[in-house]
Structures are given as C-alpha cells and as structure tokens.
2 protein chains.
Amino acid sequence: MKKYLVDPTQKITLDHWNPNDNGGIKNGKKMTRPLFAELNQELERLQELLYAQSKHKVLIVLQATDTGGKDGTIRHVFDGVNPQGVRVASFKQPTKAELAHDFLWRAHQQAPGNGEIVIFNRSHYEDVLVVRVHNLVPRNQWQKRYEHINAFEKMLADEGTTILKFFLHVDADQQKERLQERLDRPEKNWKFSKSDLNERAYWSDYQKAFEEMLSKTSQSWAPWYVIPANRKWYRNLLISKIIVEKLQRLEMAFPDPEPGLEGLVIT
Amino acid sequence: MKKYLVDPTQKITLDHWNPNDNGGIKNGKKMTRPLFAELNQELERLQELLYAQSKHKVLIVLQATDTGGKDGTIRHVFDGVNPQGVRVASFKQPTKAELAHDFLWRAHQQAPGNGEIVIFNRSHYEDVLVVRVHNLVPRNQWQKRYEHINAFEKMLADEGTTILKFFLHVDADQQKERLQERLDRPEKNWKFSKSDLNERAYWSDYQKAFEEMLSKTSQSWAPWYVIPANRKWYRNLLISKIIVEKLQRLEMAFPDPEPGLEGLVIT
C-alpha cells in the first residue's frame with residue numbers, strides 16, 4: 001500500500017499516480033470479489049471490537065473532485081458495518097453560523113469520540129480547496145490553514161484518534177463520463193447540478209489545490225493516500241485494505257467481563 | 001497595564017505579583033468608582049459596535065483557584081452590557097460525551113462567532129490544571145496540551161478572534177476568608193461545597209500548575225494577565241481597562257447604511 005501513501009517530507013504532483021491503475025489485476029472486479037468480501041467481514045469485526053472497547057477514536061477523511069466517488073466509497077466499503085458505531089459527517093456549503101466561526105469549528109464538532117468511526121465526506125480541507133479556487137477568503141488567510149490543520153490533527157491524534165485520509169484520484173475524462181451518466185440515467189439525475197459544470201471549468205485550479213493540500217498536510221499521524229479511482233472496484237479494494245490493516249495494528253481486545261460471571265446461569 | 005502581562009518569552013513564578021496590589025490608590029473602591037463607571041459605559045458602547053459590525057470575534061478566558069472571583073468579575077465588569085452579544089460559557093466537570101472526545105472539543109464548540117464576545121468561566125485550561133493536579137490523564141498526555149492549546153488559540157486568532165486571558169491571583173489567606181464567608185452567610189451557602197476544602201489541600205500543586213500554564217501559554221496573540229485579585233474593586237478595574245483598551249484598538253465602525261436612506265421619511 002506504500003506506493004499510494006503521500007510521503008510527508010515530499011512535495012508531490014498528481015501525475016505521479018495513474019488514475020487508471022488497477023494493480024495489474026486482469027478482470028479485477030470479478031477476480032477480487034472474494035478478497036473484498038473478506039476485507040468487508042474483517043472491517044465489521046474490527047468495528048465491533050472498537051465499539052466494545054471504547055478506547056480508540058477513528059477519523060476517515062474523503063476528498064475528491066465532483067464525481068470522484070466519495071459517496072460510492074462509503075456505501076461499498078462500509079456495506080454491512082453496524083451504523084451504531086459509524087457516523088458519516090457530510091460537509092456541504094457552510095451555513096451562516098458556520099461561516100461566522102473559525103474554519104475548524106464545524107469539523108471539530110463532528111470529530112469522533114471513543115469507540116466511534118467517523119467518516120468525513122468532504123471536510124475541513126474544503127477550506128483550502130473550494131475556498132482557495134474561488135477566492136472566498138484572502139490568500140494570506142487560507143495559506144495559514146495548512147499549519148492549523150496539521151496542528152488540529154496532531155492534537156486529535158495525541159488525544160487518541162487514528163486518522164486516515166483518502167484522496168480519490170480520477171481524471172477529467174472519467175469525470176466527463178460520470179457527469180454524462182448522471183444526465184443520461186433518470187435515477188442519477190438528482191445527483192446532477194449545473195454548478196458541477198461550472199466547477200469542472202476550474203479543473204486545473206483544483207488539481208493544483210489538491211497537490212498543495214497533499215504535499216503540506218500528509219503527516220505520520222494523519223497520512224494522505226492517493227487512491228487511483230477511475231476503477232471503482234480498485235478504489236474500494238485499496239481503501240478497505242488500508243483501513244483494515246490500520247485497525248488491526250491497534251491490537252484491540254474486548255474489555256474484560258465483569259468479575260464473577262464465570263459459571264453464571266440465567267434462571 | 002504592562003506590569004500585569006505575562007511576558008511570552010519568560011518562565012514566571014507567581015510571587016512576582018502581589019495579590020494585595022491596589023495600584024497605590026488610597027480608599028480605592030470609592031475613589032475609582034467614577035472611573036469604573038466610565039469604563040463600563042465605554043465597554044457597552046464597544047460591545048454594541050462589535051455586534052453591529054459583526055466582523056471581529058472576542059474570547060475572554062477567566063481562570064482562578066476556587067473563590068478567586070471569576071463569577072464576581074463577570075457580574076461586575078459586564079454589568080449592563082447587552083447580553084445579546086455576550087455569552088458566558090462555564091466549564092464544569094465534563095460530561096461523559098465530553099470525556100469521550102479530545103480535550104478541546106467542548107471548548108471549541110463554545111468559541112465566539114463574528115460580532116460575539118464569549119467569556120470562558122474556566123476553560124480548556126482545566127485540562128492542564130485539575131486534570132494535572134489529580135492525575136486524571138497520564139503526564140505525557142497533558143504535557144502535550146500546552147502546545148495544542150497554543151496552536152488552537154493561534155488558529156482562532158488567525159481566523160479573526162481577539163483573545164484575552166485573565167488569571168485572578170488571590171492568596172491562601174484570602175481564599176480562607178472567602179470560604180469562611182460562604183459558610184457564615186446563608187445567602188452564600190449555596191456556593192460552598194465540601195469538595196472546596198479537599199481542593200484547598202492541593203493549594204501548592206495548583207499554584208505550580210498555574211505557573212506552568214502562564215509560562216507556556218502566554219502568547220502575543222493570546223496573552224495572559226495576572227490580575228491581583230484580593231481586592232475585588234482593583235481586579236474589576238484592571239480587567240475592565242484591559243478589555244476596553246483592547247477593543248478600542250480594533251478601530252471598529254458601524255457598517256455603512258444601505259444606500260438611499262438619506263432624507264428618507266417614514267410615513
């Protein structure tokens with residue numbers, strides 16, 4: 001998985017990763033189905049442990065361009081995982097109250113507690129992405145936010161939060177295809193908005209903003225992974241594998257039962 | 001006011017400040033009444049400007065030992081100031097949900113928005129005070145919190161928050177007197193709790209924790225002031241003066257009226 005990790009010490013460019021990467025697996029969607037099912041089962045098991053032990057906090061951040069596959073990732077990777085311990089926080093256009101506060105205010109409120117997995121569907125990173133691309137705050141303000149984000153995530157980590165961040169990497173052709181599909185298939189129409197086309201016109205500005213975000217905020221305590229995401233099955237497989245391996249390394253255990261339960265028979 | 005400011009570059013000890021300090025003003029409570037009234041009026045004016053302009057955020061942090069005078073400070077300094085733009089956030093024993101999150105979670109939720117003055121009656125600093133004195137989390141965890149607090153407040157400041165922090169400095173004799181008063185006067189009984197006596201036994205541990213807090217977290221963007229607080233009138237006077245002078249330096253103005261109002265007559 002190391003090849004998808006953004007080295008915290010390097011300035012990166014996105015052309016380093018191929019959005020079409022399929023790991024060299026032929027007929028991959030079909031071939032990896034059993035492996036993906038196994039990872040999904042393991043994630044279910046780990047999530048239950050996490051919830052029962054109520055010691056660790058887990059934060060998963062998803063960022064991507066429009067149509068990058070954030071919603072699909074959540075649906076497939078967390079398919080069947082008990083929603084009681086998993087919460088999705090979606091960061092859409094900020095409310096008036098959110099805009100009146102510092103940029104981390106709304107994100108921090110949604111941070112996970114002990115035993116919880118929280119998935120940020122978009123996140124505080126929008127404040128160095130859309131905000132930057134559309135000049136919503138002055139440059140000297142958003143420029144400082146990389147440092148503030150690093151400090152914020154370091155604090156979360158020091159306070160017991162495991163953080164994983166995924167950038168879903170699709171190319172402009174793939175986006176074109178997916179936007180067209182949203183127009184062509186009636187059951188996908190609801191996902192299409194004319195503003196998506198406006199955003200698409202800023203493609204290269206967004207790529208630049210993504211590159212700076214990845215270069216400046218991948219840290220040992222909160223690493224970014226660039227996930228090739230033109231192929232949905234490969235995207236899901238990689239993300240499942242990275243999450244599962246990370247959770248396994250927490251070496252969790254069920255809490256000790258109350259003393260005196262041994263041999264107890266319910267009458 | 002400079003003599004009460006904690007120099008951000010220095011390690012301080014509290015014996016540098018005399019809790020009995022009265023500024024050399026004889027019969028001070030009476031003599032300074034007109035000045036205090038003037039400051040109070042000016043604070044009212046500034047708060048209304050702040051609210052109308054809705055551009056700046058103001059955070060005032062009060063920390064002290066028990067009976068240090070936090071409640072009295074709020075009552076007197078903000079006497080008559082419109083509560084619509086002033087909010088007091090009191091940080092008592094954390095709830096279960098608060099304990100399940102990182103230590104800054106509950107404080108950040110209460111941070112001010114544009115146009116707002118928020119007073120923290122106790123604060124995130126409890127997490128390097130009571131938490132430290134009673135070993136509620138391991139040393140290597142609370143030791144990191146100074147750095148996290150500095151980064152958090154820097155972020156608030158960069159996002160438009162003016163921060164002032166006041167440590168109310170009373171001595172052990174004064175505390176004794178005030179605790180006794182809470183026992184002796186029926187209308188003050190409700191403020192007395194036996195646990196106050198337990199805390200009093202940790203006096204020197206708390207003083208040490210205060211000193212480290214002041215030494216490590218006074219910053220140009222979020223300075224600490226050590227306020228001699230044995231004399232309540234002097235405490236109130238100093239704090240009023242520091243807040244008023246800080247708000248004056250924001251050079252606030254009412255927002256421009258809508259165009260076309262000139263000469264408009266309501267019929």
Side-chain angles (χ1 to χ4, degrees), chain A residues 50-51 53-59 85 87 94-116 118 124 127-128 131 136-163 219 221-222, chain B residues 50-51 53-59 85 87 94-116 118 124 127-128 131 136-163 219 221-222:
Chain A
L50 186 94
Y51 184 80
Q53 195 180 25
S54 196
K55 176 181 167 189
H56 301 280
K57 313 164 177 75
V58 177
L59 175 61
R87 183 160 51 84
T95 64
K96 225 172 159 182
E98 288 168 351
L99 284 173
H101 286 81
D102 66 271
F103 80 107
L104 288 175
W105 187 68
R106 65 173 183 161
H108 201 169
Q109 286 181 36
Q110 300 294 337
N114 289 333
E116 224 184 356
V118 172
H124 45 297
D127 291 280
V128 291
V131 165
L136 302 182
V137 309
R139 180 181 185 85
N140 76 344
Q141 191 175 354
W142 61 252
Q143 272 290 357
K144 288 176 188 155
R145 290 179 172 175
Y146 301 107
E147 186 192 327
H148 295 318
I149 289 172
N150 285 332
F152 170 58
E153 294 178 353
K154 180 71 162 62
M155 183 278 294
L156 293 179
D158 283 345
E159 295 278 317
T161 312
T162 298
I163 305 174
Q219 304 290 352
W221 62 82
Chain B
L50 186 94
Y51 184 80
Q53 195 180 25
S54 195
K55 177 182 166 189
H56 301 280
K57 312 163 177 76
V58 177
L59 175 61
R87 183 160 50 83
T95 63
K96 224 173 160 183
E98 287 168 351
L99 284 174
H101 286 82
D102 66 271
F103 81 107
L104 288 174
W105 186 68
R106 65 174 182 161
H108 200 168
Q109 286 180 35
Q110 300 294 337
N114 289 332
E116 223 184 357
V118 172
H124 45 296
D127 292 281
V128 291
V131 165
L136 302 181
V137 309
R139 182 182 184 86
N140 76 343
Q141 191 175 353
W142 61 252
Q143 272 291 357
K144 289 176 187 154
R145 289 178 173 176
Y146 301 106
E147 184 192 328
H148 294 317
I149 289 172
N150 284 332
F152 169 58
E153 294 178 355
K154 180 72 162 64
M155 183 278 295
L156 293 179
D158 283 345
E159 296 278 318
T161 312
T162 298
I163 305 174
Q219 305 290 351
W221 61 84

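All values reported here derive from a predicted model rather than from experimental measurement. Chain identifiers are assigned alphabetically (A, B, ...) following the order of the sequence lines, protein sequences preceding nucleic acid strands; residue numbering begins at 1 within each chain. Basis for what follows: all heavy atoms, side chains included, without hydrogens, waters or symmetry-related copies.
Residues B:His101 and B:Arg106 fail the side-chain proximity criterion, which asks for heavy atoms closer than 4.5 Å. The shortest side-chain heavy-atom distance between A:Pro112 and A:Val58 does not fall under the 4.5 Å cut-off.
Minimum interatomic distance between B:Val118 and B:Ala111 (heavy atoms only, all atoms of both residues): CG2-C, 4.5 Å. Nearest heavy atoms, A:Ala97 versus A:Trp105: O-CZ3, 3.8 Å. Minimum heavy-atom separation, A:Trp221 to A:Ala157: CB-CB, 3.9 Å.
For B:Glu116 (side chain) and B:Gly113 (main-chain N/O), a donor-acceptor pair under 3.5 Å exists by modelled atom type. Side-chain atoms of A:Trp142 never come within 3.5 Å of backbone atoms of A:Asp127 as a donor-acceptor pair (strictly under, hydrogens ignored).
A side-chain N or O of A:His124 and one of A:Glu153 form a donor-acceptor pair less than 3.5 Å apart.
When each of B:Asn114, B:Val137, B:Leu156 is scored by its heavy-atom pairs under 4.5 Å with chain A, the top score falls to B:Asn114. Ranked by heavy-atom pairs shorter than 4.5 Å toward chain B, the options A:Gln109, A:Gln141, A:Glu159, A:Lys55 are led by A:Glu159.
The parts of B:Leu104 that come within reach of chain A are both its backbone and its side chain, each placing non-hydrogen atoms under 4.5 angstrom from that chain. Both the backbone and the side chain of A:Lys154 come within contact range of chain B, with heavy atoms under 4.5 Å apart.
Residues of residues 145-152 of chain B having a heavy atom under 4.5 Å from any heavy atom of chain A, listed by number: B:Arg145, B:His148, B:Ala151.
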